[in-house]
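All remarks here apply to the structure that follows.
Whatever order the structure lists ligands and atoms in, that order sets their numbers, starting from 1.
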Amino acid sequence: MLTSEPGKPIRVALLGCGVVGSSVARMLVEQADDLAARIGAPLELVGVAVRRIGKDRSDIPVDPALFTTDAATLVTAADIVIEVVGGIDPARELLLSAIANGASVVTANKALLAEDGPTLYAAADAAGVDLYFEAAVAGAIPILRPIRESLAGDRVAKVLGIVNGTTNFVLDKMDTTGAGFAETVAQAQALGYAEADPTADVEGFDAAAKAALLASLAFHTRVSGRDVYREGITEVSAADMAAAKEMDCVVKLLAICERSTTPDGEGVCVRVHPAMIARTHPLASVRDAYNAVFVQASAAGELMFYGKGAGGDPTASAVLGDLVAVARHRVSGGRGPGESAYADLPILDFGTSSTRYHISLDVDDRPGVLAAVATEFARHDVSIDTVRQHVLTDPETGEQRANLVVVTHRATEAALAATVDALAGLDTVAEVVSVMRVEGA
Ligand code: NDP
Ligand code: HSE
């Protein structure tokens, strides 16, 4: 057990001084006295690793001599290492080296944890140090510690949420102002919400990494980013947004983690995809870069966590919270919980998960077409809730077609995929225009 000498400063190394790191550095300096009082020992910032040493950082109240490009040496000289560099390498090697040297680690790096968390957990266990990562999921929102600690006596069945600020910002602006996709992604980048490569946000990789962490902690099992079914928001069209409006819904990128029982046994299914949700649903009112996470547990019932999901200061709040926790452990001699993966649940096939669907089809406008379409739904055991039809006239040929919007009751992904394939093969179906999941109802 690693314990600091009473009164001796706890040495902190900061890796990264970008959007999050610069807020962390500022708060470390400006709140030094409060942090020392809360921890029971002062913190000493021993270095800040960056990539570009020549960059102007005069707005950051840190001694310029502390900036270094030699992160590898810096991590060997600290009691606690804060990693806000991002990406897999060199972050992984730096953290493993820090842990091997007896340092506790605080990181916001969901990509690394979802890729190789067990290696880091094992190293932290072997060294008897802490590995904390509250900032890795949903920015400022305290969600991991409540799941890992407060709900440790309950049984979590489902975690559902909006966990990516960039995509929520983009979808919200597209919905409310009609702004274009590229323009809103650029705004999210300028505001510091997006990842270094915003593809990670818009293609759903960031949300998938967060979903993997949430599912691992909630269900006491191992889920990696590769186990998560993922669709991003790049295929969400103006027509999808309009269709959602007609249904009095909004489109959100959702992360859904479920522990369920299928005929093959109990397992976990984790998915990230855009979905329509009713405007009356609490998630519909999550605007801008805010995040929200619902947790459904056997005894606790439904819990909802809401707050800023991205940005320098909100994320730094979560980083500093972890820093205080692990620093207190250094003072008192304790250690926080390590990995809990005893449940060892299998990852269920995505085809077994179920939800409702909104399907838009352009079809021939003649007798028997609706019946043929309905037959394909019935043949694949997908029950129809509502059907709406309106006539379309081709502006060039004057030819008439019908657009059918079918909303289903709950069906499995496998059944829905087979239905859509069959519909696309009908002579009378000109095009399956869109298929979108409908959640929260
Ligand atoms: P930035 O790109 O803004 O900052 C990255 C920092 O790391 C920069 O200071 C950069 O140096 C430094 N850096 C890059 N490569 C190296 C290297 N090889 N050695 C040393 N330093 C290096 O990223 P963010 O602050 O936005 O994100 C950091 C982490 O926090 C990521 O894991 C991200 O996923 C996570 N996160 C981000 C949130 C956000 O809202 N932005 C929210 C929650 C988590 P330089 O300044 O010289 O370029
Ligand atoms: N790029 C991430 C987001 C940062 O937009 O949510 C917060 O993890």
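- For the residue pair T107/N109, the side-chain donor-acceptor check at 3.5 Å is not satisfied.
- Taking every heavy atom of A194 and a limit of under 4.0 angstrom, the matching atoms of ligand 2 come to 1 (N).
- The protein non-hydrogen atom at the shortest distance from atom 7 (C) of ligand 2 is G309 O, 3.3 Å.
- Within the structure, salt bridge (Lys or Arg N to Asp or Glu O under 4.0 Å) pairs that include any residue of residues 21-36 comprise R26-D59 (at least two apart or interchain).
- Residue N164 approaches ligand 2 through these ligand atoms, each under 4.0 Å from one of its heavy atoms: 2 (C), 3 (C), 5 (O), 6 (O).
- Of the N or O atoms in R52, one or more lie within a sub-3.5 Å distance of an N or O in ligand 1.
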Pair E439, T355 - check side-chain hydrogen bond (donor to acceptor under 3.5 Å, both in side chains), show working. CA-CA 7 Å; E439 293 284 344; T355 187; 2.9 Å; yes

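- Of all atoms in ligand 2, listed by their number and element, those nearer than 4.0 Å to a heavy atom of G165 are 3 (C), 5 (O), 6 (O).
- Checking T68 against D70 by side-chain atom types alone, no donor-acceptor pair falls below 3.5 Å.
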Is there a side chain to side chain contact (heavy atoms under 4.5 Å, CB included) between L151 and V295 once you walk through the steps? CA-CA 10 Å; L151 288 168; V295 180; 3.9 Å; yes

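- Looking only at heavy atoms of the protein, atom 37 (C) of ligand 1 is closest to V20 CG2, 3.6 Å.
- Of the heavy atoms in K210, none comes closer than 4.0 Å to ligand 1.
- Of the protein's non-hydrogen atoms, the one nearest atom 14 (C) of ligand 1 is V85 CG1, 3.7 Å.
- For the residue pair A78 and V12, the shortest heavy atom distance occurs at CB-C, 4.4 Å.
- Ranked by closest heavy atom to atom 33 (C) of ligand 1, the top entry among E83, R57, E195 is E195.
- When only interatomic distances are considered, the shortest N/O to N/O separation between G192 and ligand 1 falls below 3.5 Å.
- The two residues P274 and M436 come nearest to each other via the heavy atoms O-CG, 4.3 Å.
- In this structure, atom 19 (N) of ligand 1 lies nearest to the protein heavy atom V50 O, 4.2 Å.
- Those atoms of ligand 2 with a heavy atom of D201 less than 4.0 angstrom away are 1 (N), 2 (C), 3 (C), 5 (O).
- When only non-hydrogen protein atoms are considered, atom 5 (O) of ligand 2 lies nearest to T166 OG1, 2.6 Å.
- Considering both main-chain and side-chain atoms, G18 comes within under 3.5 Å of ligand 1 through a nitrogen or oxygen pair.
- At least one cation-pi condition fails for R271 and F350: the charged atom is not both under 6.0 angstrom from the six-membered ring centre and inside a 45 degree cone around its axis.
- Every atom of ligand 1 is numbered from 1 in the order shown, and the set under 4.0 Å from a heavy atom of G311 is 39 (C), 40 (O).
- Counted by atom type alone, Y193 and E195 present zero donor-acceptor pairs between their side chains at under 3.5 Å.
- Looking at S104 and R330, their side chains do bring a donor and an acceptor atom within 3.5 Å of each other.
- Enclosure of atom CD in E235 is not indicated, since only 12 or fewer non-hydrogen atoms of other residues, nucleotides or ligands lie within 6.0 angstrom.
- Between A196 and ligand 1, not a single N/O pair is under 3.5 Å apart.
- Near E195, the atoms of ligand 2 lying under 4.0 angstrom from a non-hydrogen atom of the residue are 1 (N), 2 (C), 4 (C).
- In this model, no donor atom of one side chain and acceptor atom of the other lie less than 3.5 Å apart for T221 and D344.
- Atom 42 (C) of ligand 1 has as its closest protein heavy atom T315 OG1, 3.1 Å.
- Shown in contact with K110 at under 4.0 Å from a heavy atom are these atoms of ligand 2, numbered in order with element: 4 (C), 7 (C), 8 (O).
- D385 and T408 share no side-chain donor-acceptor pair at under 3.5 Å.
- For a threshold of 3.5 Å applied to N or O pairs, the pair formed by D206 and ligand 1 contains no separation below that value.
- Taking only non-hydrogen atoms, the option from K110, K308, E134 nearest to atom 44 (C) of ligand 1 is K110.
- Any N or O atom pair closer than 3.5 Å counts here, and C17 shares at least one such pair with ligand 1.
- A donor-acceptor pair is defined here as one N or O able to donate and one able to accept, closer than 3.5 Å; no such pair exists between the side chain of D201 and the backbone of A194.
- By the criterion of a heavy-atom distance under 4.0 Å, the side chain of P90, and not its backbone, is placed next to ligand 1.
- Protein heavy atom closest to atom 30 (O) of ligand 1, with residue, atom name and distance, is A108 CB, 3.6 Å.
- In this structure, V84 is part of the shell of residues with a heavy atom less than 4.0 angstrom from ligand 1.
- For atom 32 (O) of ligand 1, the nearest protein heavy atom (residue, atom name, distance) is G86 CA, 3.1 Å.
- Close approach of ligand 2 to K210 is summarised as follows: ligand atoms under 4.0 Å from at least one heavy atom of the residue are 2 (C), 3 (C), 6 (O), 7 (C), 8 (O).
- With a 4.0 Å heavy-atom cut-off, ligand 2 is reached by no atom of T167.
- Where the criterion is an N or O separation shorter than 3.5 Å, residue side chain and backbone included, V19 meets it with respect to ligand 1.
- Residue K308 places its NZ atom among 12 or fewer non-hydrogen atoms of other residues, nucleotides or ligands, all under 6.0 Å distant.
- Taking every heavy atom of Y193 and a limit of under 4.0 angstrom, the matching atoms of ligand 2 come to 1 (N), 2 (C), 3 (C), 4 (C), 5 (O).
- Annotation for A292 and Y306: closest pair CB-CD1, 4.0 Å, computed over non-hydrogen atoms.
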